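What follows is a set of notes on a single structure, which appears directly below.
Keep in mind the model is a prediction, meaning the values are calculated, not measured. Reckoned from all heavy atoms, side chains included, excluding hydrogens, waters and symmetry mates.
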Amino acid sequence: MKLNLCSITIINLFLLLNFSVLCLSQDFDFFYFVQQWPGSYCDTKQHCCYPKTGKPAADFGIHGLWPNYNDGGYPSNCDPDSRFDKSEVSDLIRTMEKEWPTLSCPSNDGIKFWTHEWVKHGTCSESELDQRQYFEAAIALKRKANLLSALTNAGIEPNDEFYKLEEIRDAIKEAIGYTPGIECNVDSLGNSQLYQVYLCVDTSGADFIECPLLPRARCGSSIQFPKF
């Protein structure tokens with residue numbers, strides 16, 4: 001059977017599209033789900049500004065849901081045509097203000113923060129999650145992890161006291177079932193503080209997994225859990 005040039009072109013386009021979808025579906029290996037402690041953020045030399053809705057609750061806030069590769073690399077800014085569309089998440093905004101607050105200066109409404117997270121990281125997960133699903137997944141993961149309860153139930157309180165790094169890591173693992181990555185910052189007095197907690201999530205954005213790779217922990221053996 002002979003194929004004309006048009007038929008061959010259509011077949012080639014079909015194969016190219018299917019190959020592109022296959023590549024897209026293999027864009028990343030897992031997510032880092034990152035939460036930050038506001039007291040530590042505000043104790044850095046950069047300081048902080050409360051959002052226009054007021055001071056956030058003394059709780060861990062979402063920093064981001066970041067696609068990553070098993071080798072330690074990560075994709076970013078994957079779709080320049082996909083911009084943050086507030087209308088896609090309009091009914092989630094009040095929840096995002098609570099669970100995903102901005103602390104950057106000057107005081108703002110969080111749109112710039114969420115836009116950055118979607119454009120840099122969220123667009124690289126579009127093979128699994130559209131924009132609304134991306135933000136819904138992060139909110140659900142925060143509630144599922146409930147980091148502050150995991151720590152306070154183990155007697156680790158945000159009271160400016162110092163706790164052993166291993167105690168913090170073990171308390172989170174005991175509550176969630178998986179080993180977290182811990183990131184510290186240094187305040188203006190030189191104290192090493194609990195800053196961010198990394199948990200690994202499968203590519204569906206729904207379930208925690210053991211991390212294929214943990215970020216390097218630049219923390220002291222004892223770190224401060226500051227008040228907020």
Check: Is Phe33 close to Ile62 at the side-chain level, that is, under 4.5 Å between some pair of heavy atoms?
Finding: yes
**Prompt:** Considering only heavy atoms from C-beta outward, does the side chain of Val197 approach that of Ile182 to under 4.5 Å?
**Reply:** yes
For residues 77-109, the disulfide bond (SG atoms under 2.5 Å apart) pairs (sequence neighbours left out) are Cys49-Cys105, Cys78-Cys124
#### Entry: pair Phe31-His121: side-chain heavy atoms closer than 4.5 Å
no
Checklist entry - side-chain contact (heavy atoms from CB on, under 4.5 Å) between Leu151 and Phe60: does it pass, once the steps are laid out? => result CA-CA 11 Å; Leu151 292 172; Phe60 285 89; 3.8 Å; yes
In short, salt bridge (charged side-chain N to carboxylate O under 4.0 Å, His left out) pairs touching residues 169-192 with sequence neighbours left out are Glu166-Arg169
Q: Identify whether Ile168 and Tyr178 are in the same connected component of the hydrophobic contact network (ILVMFWY, side-chain heavy atoms under 4.5 Å).
A: yes
| Just wondering, do Cys200 and Pro212 contact through their side chains at under 4.5 Å, heavy atoms? | yes
Residue pairs passing the ring-ring contact (aromatic ring centres under 6.0 Å, His included) test with at least one member in residues 128-155, sequence neighbours excluded, are Phe84-Phe135, Trp100-Phe135, Trp118-Tyr134
* Under the 3.5 angstrom rule, does the side chain of Tyr69 hit a backbone N or O of Asp27 as a donor-acceptor pair? -> yes
For the pair Lys144 (side chain) and Ala206 (backbone), establish whether a donor and an acceptor sit closer than 3.5 Å, ignoring hydrogens and angles.
-> yes
In Glu136, Glu99, Lys86, Glu97, the residue satisfying side chain to side chain contact (heavy atoms under 4.5 Å, CB included) with Leu92 is Glu136
- Query: Where do Leu103 and Phe113 land on the side-chain contact (heavy atoms from CB on, under 4.5 Å) test, with the steps shown first?
  - Reply: CA-CA 9 Å; Leu103 290 168; Phe113 183 24; over 6 Å; no
I'd like a table of donor-acceptor pairs (distance under 3.5 Å, sequence neighbours excluded) in which one partner is a side-chain atom from residues 218-228, with atom names and distances.
residue	atom	partner	partner atom	Å
Gln224	OE1	Gln193	NE2	2.9
Gln224	NE2	Asp160	O	3.0

Indicate yes or no: at least one non-hydrogen side-chain atom of Asn70 is less than 4.5 angstrom from one of Leu213.
-> no
*Under the side-chain contact (heavy atoms from CB on, under 4.5 Å) rule, what do Arg132 and Asp91 come out as? Steps first, then yes or no, please.*
CA-CA 10 Å; Arg132 181 181 178 82; Asp91 60 322; 2.7 Å; yes
inquiry  = Testing the 3.5 Å rule here: is there a donor-acceptor pair between the side chains of Thr179 and Glu210?
reply    = yes
Applied to residues 47-64, the side-chain hydrogen bond (donor to acceptor under 3.5 Å, both in side chains) test, sequence neighbours excluded, yields Asp59-Lys142, His63-Gln196
Contacts satisfying ring-ring contact (aromatic ring centres under 6.0 Å, His included) that involve residues 197-223 (not counting sequence neighbours) are Tyr32-Tyr198
